[in-house]
Amino acid sequence: MTRLRPRLAVVAATTAAAAALALTGCSSSASSGSGDGQIGFVSAKGSTISKAAAGHRQAAPDISGSTLEGNPVKLSDYRGKVVVLNVWGSWCGPCRAEADDLQRVWDKYKDQDVQFLGINTRDPEIANAVRFEQEKGVTFPSLYDPAGTQLLKFPKGSLNLQSLPTTLLVDRDGKLAARAVGGQTDDALESILQPLVAEQKL
């Protein structure tokens with residue numbers, strides 16, 4: 001009986017994560033949830049983009065798992081690079097709409113110490129997520145997180161699971177530096193990415 005407890009705990013945690021995500025929806029709302037001040041994000045009224053100034057950023061969790069291709073990945077693998085984390089699902093209309101823009105920005109910045117990493121969530125069949133990437137021509141890796149266990153590791157106020165897609169930018173020190181809620185154009189994404197890329201030159 002004792003040996004079963006760790007396994008039951010894992011099952012319970014996974015079930016709870018899935019239940020929490022099941023209550024959320026795909027939205028392009030600018031709402032980001034409470035607690036933004038706790039993590040340093042500041043945004044103009046009505047804006048879908050928030051930024052945290054250097055010195056006011058909170059550490060990003062070292063999320064980990066397997067990519068859609070089955071390769072191991074963890075956020076700390078990219079320490080020293082600016083990381084663009086895009087939370088998406090193949091079932092999400094705004095996620096489909098922004099995929100081309102994300103790919104263009106990835107193509108432009110991948111040789112400038114920038115790494116894109118998707119986090120695919122709430123896709124019970126991995127084949128759906130793989131098909132999405134193939135159809136949209138997405139070439140950067142995505143961590144497969146169907147139950148949202150990795151998403152729930154982010155600090156309160158940094159990620160609202162009701163607002164997908166959401167893109168988080170992590171600076172070279174592994175800290176949360178910016179957030180874009182809802183589908184983004186390449187110009188909007190570059191407006192928060194470029195300053196982080198330039199920080200290495202300061």
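Note that these values count all heavy atoms, side chains included, but never hydrogens, waters or copies made by symmetry. By convention here, the first residue in the shown sequence is residue 1.
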For Ile126 and Tyr144, work out which heavy atoms get closest and say how close. N-OH, 3.4 Å
Side-chain (Gln150) to main-chain (Ser64) donor-acceptor, under 3.5 angstrom: yes
Can you tell whether the side chains of Arg96 and Glu133 come within less than 4.0 Å, N to carboxylate O? no
Can you tell if the side chain of Val87 reaches within under 4.5 Å of the side chain of Leu161, non-hydrogen atoms only? no
Across all chains, not counting sequence neighbours, the side chain to side chain donor-acceptor pair (under 3.5 Å) partners of Thr167 are Asn86
Ignoring hydrogens and angles, tell me if any N or O in the side chain of Asp171 forms a donor-acceptor pair with the backbone of Asp173 under 3.5 Å. yes
Any side-chain heavy-atom pair of Asp145 and Thr149 under 4.5 Å: yes
List the steps, then state whether side-chain contact (heavy atoms from CB on, under 4.5 Å) holds for Val138 with Leu102. CA-CA 8 Å; Val138 175; Leu102 289 171; over 6 Å; no
In terms of hydrophobic clustering (I, L, V, M, F, W, Y; side-chain heavy atoms under 4.5 Å; direct or indirect links), are Leu169 and Val197 co-clustered? yes
If the condition is side-chain contact (heavy atoms from CB on, under 4.5 Å), which residues does Lys110 pass it with, not counting sequence neighbours? Trp106, Asp107
Return the minimal non-hydrogen interatomic distance between Pro146 and Thr121, and the atom names on each side. O-OG1, 4.0 Å
Minimum side-chain heavy-atom gap Cys92-Pro165 below 4.5 Å: yes
Please examine the side chains of Lys51 and Ile192, heavy atoms only from C-beta on, and report whether any two atoms are closer than 4.5 Å. yes
Contact summary for Ser90 and Asn120, nearest pair of heavy atoms: N-ND2, 4.0 Å
Between Ile119 and Ile63, is there a side-chain heavy-atom distance shorter than 4.5 Å? yes
Partner of Leu85 under side chain to side chain contact (heavy atoms under 4.5 Å, CB included), chosen from Leu176, Thr166, Val170: Val170
One pair to check against side chain to side chain donor-acceptor pair (under 3.5 Å): Trp88 and Ser142. What are the steps and the verdict? CA-CA 9 Å; Trp88 64 278; Ser142 278; 3.0 Å; yes
According to the side-chain hydrogen bond (donor to acceptor under 3.5 Å, both in side chains) rule, which pairs have a member within residues 71-85, sequence neighbours left out? Asp62-Ser76
Any non-hydrogen side-chain atom of Val181 less than 4.5 Å from a side-chain atom of Asn160? no
Write out all pairs satisfying salt bridge (charged side-chain N to carboxylate O under 4.0 Å, His left out) with one or both partners inside residues 182-197, taking only residues at least two apart or from two chains. Arg104-Asp186, Lys108-Glu190
Minimum heavy-atom separation for Gln112 and Arg172, please, with both atom names. O-NH2, 4.2 Å
Indicate yes or no: at least one non-hydrogen side-chain atom of Val82 is less than 4.5 angstrom from one of Asp113. no
Of the non-hydrogen atoms in Phe41 and Ala177, which two are nearest, and what is the gap between them? CE2-C, 3.8 Å
Is there a side-chain contact between Leu117 and Val73, using heavy atoms and a 4.5 Å cut-off? yes
Run the side chain to side chain donor-acceptor pair (under 3.5 Å) test against Asn128 and tell me which residues pass, sequence neighbours left out. Arg131
Other residues, nucleotides and ligands only: do more than 12 of their heavy atoms fall within 6.0 Å of NZ on Lys175? no
Gln184 side chain to Glu98 backbone, donor-acceptor under 3.5 Å: no
Could you tell me which residues satisfy side chain to side chain donor-acceptor pair (under 3.5 Å) with Asp100, sequence neighbours excluded, listed by chain and number? none
Closest heavy-atom contact between Thr67 and Pro141? CG2-CB, 4.2 Å
Kindly compute the distance separating OG1 (Thr139) from CD (Gln103), expressed to the nearest 0.5 Å. 3.5 Å
Leu75 reachable from Leu152 in the ILVMFWY side-chain graph, under 4.5 Å edges: yes
